[in-house]
Amino acid sequence: MSNSKQQAQELIDFIHGSPSTYHAVNNIRKELNEAGFEELDLRDEWKIEKGGKYFTTKNGSAIFAFQIGSGEIEEEGFQMICAHSDAPGFKIKPNPEIEVEENYIKLNTEVYGGPILNTWMDRPLSIAGRVSVKSNDPLYPEHLYVKIDRPLMVIPNLAIHLNREVNEGVELNKQKDMLPLLSMITEEMEKDNCLVKLIADELKIDAESIIDFDVNLFEVEKGSIFGLNDEFISSPRLDDLAMAHAGLKALLSVGASKKTQMLAIFDNEEVGSVTKQGAGSPVLRHILQRIVFKLGKDMEALHRAIYSSFMISADMAHAVHPNIGEKHDPTNRPFINKGPVIKIHANQKYTTDGDSGTVFETLCKNADVPYQKFVNRSDLVGGSTLGNVSTGQVDIRTVDIGNPMFGMHSVRETGGVEDNSYVRKVFTYFFGL
């Protein structure tokens with residue numbers, strides 16, 4: 001197996017084990033622990049030193065790992081890669097069971113972010129997320145993670161015989177059409193709280209101990225490598241676990257340098273980042289401040305460190321679609337497996353400017369990695385990412401980049417095997433400066 005294919009399989013395995021933000025962060029936590037990073041609790045007093053490796057988490061769904069450089073932090077600053085742990089999909093509502101004509105049970109869901117709804121139809125689905133249970137301290141419940149690794153439900157399509165216009169386009173109602181079928185009703189089953197009882201059985205706990213849950217749907221089928229030459233990756237949640245995984249692998253592959261290296265994985269990018277664990281919150285600023293102060297420095301040193309820093313905001317990017325190429329800019333046309341994409345927007349939905357773009361181009365050239373550029377067609381409104389949100393909290397020089405892909409926000413997205421290796425290589429070079 002080639003190195004690029006092996007790295008792509010590592011990514012697929014990571015994503016398959018990370019069906020919720022909580023699982024993704026917990027899997028990153030495990031790898032950091034194995035690499036000798038020390039976990040710091042946000043509520044405890046921190047003790048850090050030069051050369052030390054540390055990480056902390058927020059809400060169980062965001063994680064910040066850093067390796068303190070040997071140089072003076074106000075002079076060397078932070079080398080940062082930022083990504084996000086969340087993906088568009090469906091959250092299970094409280095009291096979710098809905099009985100259908102005394103025969104079926106379906107679950108009440110709420111759409112999270114902006115998924116492509118029809119891609120979720122007729123797929124074997126299951127549930128994963130965080131379960132909050134009773135503890136001795138009412139202010140701090142215990143949290144458990146649930147991931148049921150078998151098909152539990154499906155969101156069924158309506159047959160073409162009952163909707164002859166289906167191939168002309170169907171508007172799906174989020175409350176009516178997107179509810180997953182869980183079970184037939186039998187005489188033996190208890191219809192009320194059957195989901196909570198299912199979760200309790202999976203976790204081997206008493207259902208009465210479950211107070212609440214943050215649980216989402218996920219596609220059961222694992223990602224795969226495909227193509228005539230095994231050049232493509234098909235997987236859920238490439239946006240943005242591909243960038244989170246690449247940043248993690250880069251951080252773990254380098255030793256300490258003069259600069260302080262940091263990997264910041266935020267949550268809730270898909271819904272605007274304005275949460276306590278999102279890029280629009282002060283959480284990153286507080287962590288940077290805490291690091292600087294715990295190294296014995298003052299506020300002046302913090303400001304100097306921020307202005308000596310550089311951030312790569314790493315989200316995914318749009319590759320030119322093989323069937324609908326006219327949706328892309330006429331002169332900036334990224335393709336899969338041609339290298340990471342520098343994302344540019346005149347109105348600053350992406351933070352890239354001539355200065356930060358030049359930095360990333362130079363990093364790629366020095367790392368012997370090809371790169372591309374993406375700009376929206378001028379008559380289309382594109383998305384944004386966490387880069388421009390985070391700089392509203394911490395004004396660090398930032399570039400927005402991402403690997404090219406098809407089907408962003410589909411239940412299955414398509415990326416490139418070589419691109420995964422390219423971005424890992426340039427991230428590793430960046431952290432090693």
Side-chain angles (χ1 to χ4, degrees), residues 3-4 7 11 28 31-32 35 37 51 53-55 63-71 73 75-84 240-266 279 284 287-288 291 305-317 339-344 350-374 385-387 390-391 394 396-404 418-433:
N3 186 54
S4 294
Q7 290 184 348
L11 170 62
I28 293 171
E31 292 204 42
L32 291 169
F37 281 71
K53 301 189 293 184
Y54 311 94
F55 71 93
I63 190 165
F64 306 86
F66 49 95
Q67 191 162 226
I68 305 297
S70 60
I73 199 163
E75 297 174 1
E76 303 295 340
F78 295 89
Q79 300 286 87
M80 302 177 61
I81 295 174
C82 298
H84 63 89
D240 189 32
L241 291 186
M243 296 295 95
H245 183 258
L248 172 66
K249 291 301 182 183
L251 181 64
L252 296 180
S253 68
V254 300
S257 70
K258 288 186 177 181
K259 301 179 185 296
T260 294
Q261 306 139 348
M262 175 176 279
L263 175 68
I265 309 297
F266 297 99
L284 176 61
I287 291 172
L288 298 180
I291 292 169
I306 287 172
Y307 298 130
S308 299
S309 299
F310 192 86
M311 177 193 295
I312 297 175
S313 167
D315 209 337
M316 299 297 276
V341 177
I342 301 169
K343 297 154 68 173
I344 301 165
Y350 304 130
T351 58
T352 307
D353 57 20
D355 171 69
S356 62
T358 297
V359 170
F360 191 77
E361 289 183 46
T362 304
L363 294 174
C364 288
K365 289 175 181 177
N366 291 351
D368 194 25
V369 166
Y371 62 90
Q372 308 177 82
K373 294 184 179 181
F374 171 83
T385 185
L386 53 85
S390 64
T391 53
V394 188
I396 292 175
R397 293 165 68 212
T398 305
V399 63
D400 270 300
I401 67 99
N403 271 350
E418 293 300 329
D419 287 329
N420 181 60
S421 292
Y422 286 145
V423 82
R424 280 176 63 161
K425 187 176 181 182
V426 72
F427 284 178
T428 301
Y429 176 80
F430 172 66
F431 273 147
L433 289 175

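Just so it is clear, the model here is predicted, and its values are computed rather than measured.
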Between [X] and [Y] (side chain of the first, backbone of the second, donor and acceptor by atom type, cut-off under 3.5 Å), is there such a pair?
X: Thr260; Y: Phe78; answer: no
X: Lys343; Y: Met316; answer: yes
X: Ser313; Y: Asp400; answer: no
X: Thr398; Y: Ile396; answer: yes
X: Lys53; Y: Ala35; answer: yes
X: Gln261; Y: Phe431; answer: yes

Inset, instruction - State which residues pass salt bridge (charged side-chain N to carboxylate O under 4.0 Å, His left out) with Asp368; sequence neighbours excluded, sorted by chain then number. - result: none
Is there a side-chain contact between [X] and [Y], using heavy atoms and a 4.5 Å cut-off?
X: Lys373; Y: Glu361; answer: yes
X: Val426; Y: Cys364; answer: yes
X: Ile63; Y: Leu32; answer: yes
X: Arg424; Y: His245; answer: yes

Inset, instruction - May I ask you to check whether Phe64 and Phe266 place their ring centres under 6.0 Å from each other? - result: yes
Legend entry - Spacing of CE belonging to Met243 relative to CZ belonging to Phe427, to within rounding of 0.5 Å: 5.5 Å
Inset, instruction - Under the ring-ring contact (aromatic ring centres under 6.0 Å, His included) rule, collect the residues that match up with Phe374, sequence neighbours excluded. - result: His318
Inset, instruction - With Asp419 as reference, evaluate Ser4, Pro404, Pro370 under the side-chain contact (heavy atoms from CB on, under 4.5 Å) test and give the passing residue. - result: Pro404
